[in-house]
Amino acid sequence: MHRIVVVGGGAGGLELATRLGNRLGKRGKAHITLIEKARTHFWKPHLHEIAAGSADLHSHATDYLAQSHWHGFRYRVGEMVGLDREKREVIVAPAIDEEGEPITVPYTRGYDTLVIAVGSQTNDFGTPGVAEHAIALETPADADRFHRRLVNACFRAHVQRVQGIPLEPRQLQVAIIGAGATGVELSAELHNATRTLVSYGLDSIDAKRDIRLNLIEAGPRILPALPERISGAAHALLARLGVQVRTGAKVTAVAPEGVTLASGELIPAELVVWAAGVKAPDFLRELAGLETNRLNQLVVEPTLASTRDPNVFALGDCAAAPWLGHQGNVPPRAQAAHQQATHLAKQIERRLKGQALQPWTYRDFGSLVSLGEYSTVGNLMGSLVGGNLWVEGLFARWMYLSLYKLHELALHGFWKTALGSASRILTRGTEPRVKLH
């Protein structure tokens, strides 16, 4: 059978493998393999909720092995490190467990159609100290690690206060570097989560006085990729919450005691989150002679096929896809990956039938930014609203949640999504409002 290999189990990759498995794998028309180094999938736009403790990782995670069993494809654990285009083989590094023991040996996987959907990673722009002293919310493990450090910091400060030991200037201070959607959403989520956390008996901490959230942006305004009206509304709300928003402030170094700005000012911080930029993984740079750009993204045609090999496709954040009818490329957003997965599933079926591939056109439905329980702001675009509609409040919150529900529907179908949502609503009533460990 025709061998389809999808590398990367993010939003786009897992949706594509699921769709192909249901359409082709179950019918014996193709053999589909998903290669992913993680064991479970979590929707990346919600990582800030894991970091704040307001969402439970395990109740939202999708197990790749079970998903593959139910939907007609094969999941293989491993990380792509190379490509042999002549032999049509993906080169996969051995998987390693938490103790450093190998789970699999290095192997290769042959393909007739290859789809690379490995997402993006943090771009620290070579800033000293980022790798050692900051956390980038790239994976659920990163978000969970940040939350554990946050809880430990609160316990530590509480015990010190009880014992009459003064807090250091950096204690309970959080610096979030980068005021894109991730940084802004994390700021608002942390404001509520930290106050809820200390209310569970850590009464020697005054959240308003002791906990400080610093949102630092090198550009002139927060949410630079979104319209100024959204940026202004979000900035005003964060200011009302007491978040210290600093724009035009470039970070030049991160150290154990805090972050240093280009002006020479030191902002004390016990916890530092780097959310200032993204790029595609480094191994994609000139991978087997495929064309890449300065962000390591694979340059693709409007059909999502790579410019130098018609058997290799790319989607999601790792793809530099032209925005037809506009200048530049499609922005790296979850809605783009979702649309690409839907489109590419149909095009691979056409490819198997020997039909010409159709170009993909990005439909921008707008942008929404969640400010936790306080508000949601954004704009809706397209034929649905007849242009550009400014939205905020409860309606915007529902629209924001619907984006995740569309992803769940693509993976699980209606009934499993509905029952899973109902189960989480019922469970939340029997658990603490935030994760306490």
Side-chain angles (χ1 to χ4, degrees), residues 6-18 34-64 67 79 115-124 135-147 176 178-190 223 225-226 273-281 284 295-297 314-319 321 330-342 365 367-370 372 376 378 400-412:
V6 180
V7 179
L14 185 55
E15 283 191 24
L16 176 62
T18 299
L34 173 68
I35 298 175
E36 166 61 48
K37 63 181 179 180
R39 303 297 182 87
T40 58
H41 163 80
F42 184 83
W43 204 50
K44 196 171 182 179
H46 281 180
L47 284 179
H48 68 280
E49 295 183 3
I50 300 297
S54 52
D56 182 13
L57 170 61
H58 301 291
S59 67
H60 290 272
T62 297
D63 189 292
Y64 287 118
Q67 183 76 2
E79 181 178 8
V115 182
I116 300 176
V118 292
S120 59
Q121 64 184 35
T122 298
N123 188 354
D124 62 14
I135 295 178
L137 302 185
E138 295 178 353
T139 67
D142 294 330
D144 193 50
R145 181 159 56 101
F146 173 86
H147 180 69
I176 302 168
T182 298
V184 169
E185 290 182 331
L186 179 61
S187 299
E189 201 73 38
L190 282 177
L223 299 173
L226 303 184
V273 176
W274 188 274
V278 297
K279 63 179 179 179
L284 290 180
L295 297 177
N296 303 332
Q297 293 173 306
L315 64 80
D317 290 2
C318 71
V330 173
R333 295 177 182 171
Q335 62 172 302
H338 171 75
Q339 293 178 38
Q340 289 171 333
T342 302
F365 292 107
S367 301
L368 296 168
V369 177
S370 171
T376 298
Y400 180 86
L401 294 174
S402 72
L403 298 177
Y404 177 50
K405 293 305 171 187
L406 287 174
H407 177 62
E408 286 191 302
L409 286 170
L411 296 183
H412 308 305

Problem set entry | For C318 against G119, the heavy-atom pair lying closest together | CB-O, 3.3 Å
Exercise. Using the ring of each side chain (for Trp, its six-membered ring), is F42 parallel, tilted or perpendicular to H60, with breaks at 30° and 60°?
Worked result: perpendicular
Exercise. In Å and rounded to the nearest 0.5 Å, what is the NE2 to OG1 distance from H48 to T182?
Worked result: 8.5 Å
Problem set entry | Heavy-atom closest contact (P331 atom, A336 atom, distance) | O-CB, 3.9 Å
Problem set entry | Between OH on residue Y400 and NE2 on residue H46, distance to nearest 0.5 Å | 4.0 Å
For this session: Please report the closest heavy-atom contact between L16 and A341, naming both atoms and the distance.
Result: CD1-O, 3.7 Å
Problem set entry | Side chain to side chain, L137 and V273, heavy atoms closer than 4.5 Å | yes
Exercise. Considering only heavy atoms from C-beta outward, does the side chain of D317 approach that of V278 to under 4.5 Å?
Worked result: no
Problem set entry | Distance (rounded to the nearest 0.5 Å) between N296 CG and Q121 CD | 7.5 Å
Exercise. Going by distance alone, is a donor N or O of one side chain under 3.5 Å from an acceptor N or O of the other, for H41 and H407?
Worked result: yes
For this session: For residues T40 and P140, determine if any side-chain heavy atom of one lies less than 4.5 Å from a side-chain heavy atom of the other.
Result: no
Problem set entry | Pairwise distance CG(D56) to CG(D144) - rounded to 0.5 angstrom | 9.5 Å
Exercise. Which heavy-atom pair separates G183 from I176 by the least distance, and what is that distance?
Worked result: CA-CG2, 3.7 Å
Problem set entry | Trace of the side-chain contact (heavy atoms from CB on, under 4.5 Å) decision for L411 with L14 | CA-CA 8 Å; L411 296 183; L14 185 55; 3.6 Å; yes
Problem set entry | From S370 atom OG to E49 atom CD, the distance as rounded to the nearest 0.5 Å | 6.5 Å
For this session: Indicate whether any N or O donor in one side chain lies under 3.5 Å from an N or O acceptor in the other, for T62 and Q67.
Result: no
Seminar exercise, completed: When every non-hydrogen atom of G9 is compared with those of E36, the smallest separation belongs to N-OE1, 2.7 Å
Exercise. Any side-chain heavy atom of I50 within less than 4.5 Å of one from F146?
Worked result: no
Problem set entry | Heavy-atom side-chain contact between S120 and K44 under 4.5 Å | yes
For this session: Taking the side chain as every heavy atom from C-beta outward, state whether D63 and R39 have any atom pair closer than 4.5 Å.
Result: no
Problem set entry | Contact summary for N123 and L295, nearest pair of heavy atoms | ND2-CD2, 4.4 Å
Problem set entry | Atom pair OG1 (T122) and NZ (K279), whose distance is rounded to the nearest 0.5 Å | 9.5 Å
